[in-house]
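These figures come from a predicted structure and were not determined experimentally. Chain A is the first sequence line, chain B the second, and so forth, proteins listed ahead of strands; every chain is numbered from 1.
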Amino acid sequence: MSGRLSLRAVYERLRAEYGGQQWWPAETPFEVMVGAVLTQNTAWTNVERAIANLRQARALDPEAIVRAPQERLAEWIRPSGYFNVKTERLKGLCVWYLEQGGHAWLQGWPTAELRAALLAVKGVGPETADDIVLYAFHRPVFVVDTYTKRLFERLGLLEAGLGYDAVQQRFHQELGRGDEAVPLFNEYHALIVEHGKNRCRKRPLCEGCDLQRDCPSAGQL
DNA sequence: AACCAGGAGACAT
DNA sequence: ATGTCTCATGGT
């Protein structure tokens, strides 16, 4: 018999396939913020080069980024692509971050206000904001990316064309959104990305697993 | 050698 | 509200 998939069931399947992901790959909350901007529509391997450049230049720091000349900052982050755009975005985020007094002060903000303030920074859209809110501030928000929409549309769990907030609300409603959901949201998004990167190149998610019978598009998850 | 990557903003409709 | 362009490097 083919039962309808729940978001929990998909999570369990991903977890069994890929194991714990230990996200976000960064050493400090500020580094999470930098990575969140630099990885916009960009492979993470390229972001690693850019962050390594910043670290080597001792510029992985908000003050250093704000005072760095555009040209030098652009040179450091060049491997992550869109370097002219991202130079502006990174500076803007750092200016805001320093204006608010840094991580300790921001941690005192309610989640909704923190998210809204991040969204007001030019260059920070919903996914980047939620990356930061979840992985740098450990608040219960589910991060939606292109992998998320693609996977769950193919699973038949989301109708095509839904906006960011609609998809996010679906996950919040079905999984809960109290503080206890933070570890789940952390791991779930990381697993979706890991699966998205390996999609069908290693092993299809629905091959030889309990999603197979329920998957309307088996073989291309 | 085309195609894609852990998006977002500007702009037209 | 919704669609189309643009931004750019590095791996397959």
Given side chains that start at C-beta, do those of A/Phe152 and A/Ile192 come closer than 4.5 Å, heavy atoms only? yes
Using a cut-off of strictly less than 4.0 Å, decide whether A/Thr39 has a side-chain nitrogen or oxygen near OP1 or OP2 of B/dG7. no
Can you tell me if [X] and [Y] form a side-chain donor-acceptor pair at under 3.5 Å?
| X | Y | result |
| --- | --- | --- |
| A/Arg139 | A/Gln107 | yes |
| A/Asp130 | A/Tyr135 | no |
| A/Thr87 | A/Asn84 | no |

Protein-nucleotide distance ([X], atom [atom1]; [N], atom [atom2]), rounded to Å:
| X | N | atom1 | atom2 | answer |
| --- | --- | --- | --- | --- |
| A/Glu187 | B/dG6 | CD | P | 17 Å |
| A/Met33 | B/dG7 | CE | P | 18 Å |
| A/Asp131 | B/dG7 | CG | P | 9 Å |
| A/Arg150 | B/dG6 | CZ | C1' | 11 Å |
| A/Lys149 | B/dA5 | NZ | P | 14 Å |
| A/Leu90 | B/dG7 | CG | C1' | 15 Å |
| A/Glu127 | B/dG9 | CD | P | 12 Å |
| A/Asp165 | C/dA1 | CG | P | 12 Å |

Using atom [atom1] in both nucleotides, what's the gap between [N] and [M] to the nearest angstrom?
| N | M | atom1 | answer |
| --- | --- | --- | --- |
| C/dG3 | B/dG6 | C1' | 23 Å |
| B/dC3 | C/dC5 | P | 15 Å |
| C/dA8 | B/dA10 | P | 15 Å |

Under 4.0 Å, counting only non-hydrogen atoms across every strand here, what does A/Val47 touch: a base, just sugar-phosphate, or nothing? nothing
Return the orientation label for the A/Phe185 and A/Phe142 ring planes: parallel under 30°, perpendicular over 60°, tilted otherwise. perpendicular
Pairing of A/Glu88 and A/Lys122 as salt bridge, 4.0 angstrom limit: no
Pick the nucleotide of DNA chain B nearest each of A/Leu119 and A/Asp145; which residue has the one closer to the 5' end? A/Asp145
Taking A/Arg78's backbone N and O only, do any of them form a donor-acceptor pair with A/Lys86's side chain (distance below 3.5 Å, no angle check)? no
Verify stack between A/Trp44 ring and B/dA5 base, 5.5 Å, 30 degrees: no
Pi stacking test for A/Trp23 and B/dG6: under 5.5 Å apart, planes under 30°: yes
How would you summarise protein contacts on nucleotides 3-10 of chain C per nucleotide, using B for base, S for sugar-phosphate only and - for none, with heavy-atom distances below 4.0 Å? ----BBBS
